[in-house]
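For ligands, and for the atoms within them, numbers begin at 1 and follow the listed sequence.
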Amino acid sequence: MIKRFYHFINGQSVPSKSGEWINSINPATGEVWAQIPRGNRADVDFAVEAAFKASQQTNWRDNSVNRSEILHGIAEQLDNEHDQLIEIEINDNGKRIREVAAQIAGLSGWYRHFALALTKLEVEELNLDLEGVSAHLELIPYGVIGAITAWNSPLMIAAWKVAPALAAGNAVIIKPSEMASASTVLFAELLADVVPNGLLNVVTGYGDEVGSAIVDADAVKKVSFTGSEVGGSKVAATAAKHVKPSTLELGGKSPQIVFADADLDSAINGVMSGIFLSNGQSCVAGSRLIIHGKIRRAFVERLKEKLSRLNFGSPLQEDTDVGPIANKAQYHKILSMLDRAKKEGAIITFGGSNKNVPGFEGGYFIEPTILENVSPSSEIWRQEVFGPVLCVHSFVNKEEAINLANDTDYGLAAGIWTTDEAFGNEIASKIDAGTVYINHYRSVSACAPVGGIKKSGYGRELGPNAIRDFMQEKVVWNGKLAVPDPFAK
Ligand code: NDP
């Protein structure tokens, strides 16, 4: 039976005012499993009005103790109910259960972190270089925040925005990807008795209908966006028109640089996890292997041997190593990029095709793929695939490795593999990326900022300033001396 989900606005599940629905396809089967409302501007206006009203409640805006308790309440409810979210998210985006279960079990941790962090926000007395005055800095919430998320990890991406935005005293409207909205809707519904009405709203639908209407709404004062470079630049343009800030977490073409002295077992596992663990559908996917020529052949052979042992199957099964690509559009995009890569001279040395998985004939499966003989000027080396495709290029010295790594429009993440710690840090200092990992890959923590440079976006999520990023600074001056007549002669 096809399940229906609804918008969640002002504490209620509501259909779209248009009455229209969007089919949600299970990528493991290619079949419709659910429907979500096709929202429009009228639904967004309704959510914005509710969010604005809720954001102005003094018991929310000015009461950090209450906010902290509510965030702890969210964490507790997630701990109690998170099992319900797992299968729904997998039905939508086809990610393997081992990965989704870990992400969803970890959700409460993000909310708890910010529940605690918000209790440490203080009015700051400023050290002035002036006499006769004092000043202090207050932090005030924006009011309503628009949170636009991608389909690869909907609830984790939402947590990175929602938890600090609520901690800061805002109300939030989330627009999940229309490819994977169900878990975000259920998440909000599960919190109906925990979060006061209007503070957490979800409006589903298309980016250029619902997403753009959220960014365009006057009462939405800041937008936090995770998605593609194309979507991000549209969001930033609309936000700029209204002189409102946006944070953009966009794509990447992250290098994994392996030096000849690397611990090869560790490096092979790190490179595999960087690109193949989530089928390459991770913003930090380590999609370019830049490896010392001396170890390249052996490294690639061992990688191929490990990949040949992976088994394809249902993402809901614990022992599946490779699930489907998240949606049909992405599946076709990856296959057509592989076709063009071959035409540009790349040689497929592992995988390279779609995969027929018995029992899942309608599913969007693609083999983990290794490409060699890849030109650094080719599309496959330069553009994000967001799929299980690793391009390999060798280097002879560190300068060449650094140049290859930095010769990209993106700058989200990079990996460095060497047993020489000082050398690893020296290379890290020369890599243009928001995050550099040495001898491991893909860690995230609420304490470490995430974000990109160059076309990977701007602004940061998480880290020590995460809550402040959803607040504005206000300086309050206090005169201590009588004010003299400014025109006294
Ligand atoms: P998209 O840019 O296509 O979509 C992202 C979100 O933006 C979706 O909810 C989408 O809605 C919405 N959207 C699209 N156009 C607009 C618009 N004009 N105005 C407002 N909202 C809009 O990205 P994908 O969903 O395809 O996600 C994959 C991309 O996300 C990859 O590039 C990946 O690297 C990046 N990403 C970055 C991360 C990071 O932290 N840096 C983390 C995860 C992913 P709809 O889908 O309904 O059209």
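- Using modelled atom types, one side-chain atom of S181 and one backbone atom of S177 make a donor-acceptor pair closer than 3.5 Å.
- Side-chain rings of W381 and Y410 stay apart, their centers remaining 6.0 Å or farther from each other.
- The protein non-hydrogen atom at the shortest distance from atom 7 (O) of ligand 1 is F225 CE1, 3.0 Å.
- Between the side chain of K221 and the main chain of D218, a donor-acceptor pair closer than 3.5 Å is present.
- Closest to atom 5 (C) of ligand 1 by heavy atom, among V385, T226, V210, I148, is T226.
- Distances from ligand 1 to the non-hydrogen atoms of G205 include at least one value under 4.0 Å.
- Scanning G227, G231, S228 for the heavy atom closest to atom 2 (O) of ligand 1 points to S228.
- For atom 20 (C) of ligand 1, the nearest non-hydrogen atom of the protein is G211 C, 3.2 Å.
- For W417 and Y437, the gap between ring centers reaches or exceeds 6.0 Å.
- Neither the backbone nor the side chain of V284 comes within 4.0 Å of ligand 1, counting heavy atoms alone.
- When only interatomic distances are considered, the shortest N/O to N/O separation between L250 and ligand 1 falls below 3.5 Å.
- Atom NZ of K53 has 12 or fewer neighbouring heavy atoms from other residues, nucleotides or ligands inside a 6.0 Å radius.
- Nearest to atom 43 (C) of ligand 1 among the protein's heavy atoms is N152 ND2, 3.2 Å.
- Residue E384 places at least one N or O, backbone or side chain, under 3.5 Å from an N or O of ligand 1.
- Residue-ligand proximity: K175 is placed with a non-hydrogen atom under 4.0 Å from ligand 1.
- R468 places a side-chain heavy atom less than 4.5 Å from the side chain of N465.
- Looking at E178, E229, K234, it is E178 that brings a heavy atom closest to atom 47 (O) of ligand 1.
- Looking from atom 36 (N) of ligand 1 to the surrounding protein, the closest heavy atom is C283 CB, 3.6 Å.
- Among all non-hydrogen protein atoms, the one lying nearest atom 8 (C) of ligand 1 is T149 O, 3.3 Å.
- Aromatic rings of W151 and F386 (six-membered ring for Trp) have centroids within the 6.0 Å cut-off, being under it.
- In this structure, V450 has no heavy atom closer than 4.0 Å to ligand 1.
- Protein heavy atom in closest approach to atom 25 (O) of ligand 1: W151 CD1, 3.1 Å.
- K253 and S456 are not linked by any side-chain donor-acceptor pair at a separation below 3.5 angstrom, with hydrogens and angles left out of the test.
- Aromatic ring orientation, Y331 versus Y364: tilted (interplanar angle from 30° to 60°).
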Set out, in order, the CA-CA distance, both residues' side-chain angles and the distance that settles side-chain contact (heavy atoms from CB on, under 4.5 Å) for V450 and L412, then state yes or no. CA-CA 8 Å; V450 169; L412 194 59; 5.6 Å; no
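- In this structure, P176 is part of the shell of residues with a heavy atom less than 4.0 angstrom from ligand 1.
- Looking from atom 27 (O) of ligand 1 to the surrounding protein, the closest heavy atom is A150 CB, 3.3 Å.
- Listed by number with element, the atoms of ligand 1 under 4.0 Å from a non-hydrogen atom of L412 are 41 (N).
- Counting only non-hydrogen atoms, the option in G207, S181, S282 that gets closest to atom 14 (C) of ligand 1 is G207.
- Crowding of K333 atom NZ: a count of heavy atoms from other residues, nucleotides or ligands under 6.0 Å exceeding 12.
- Protein heavy atom in closest approach to atom 33 (C) of ligand 1: F386 CE1, 3.2 Å.
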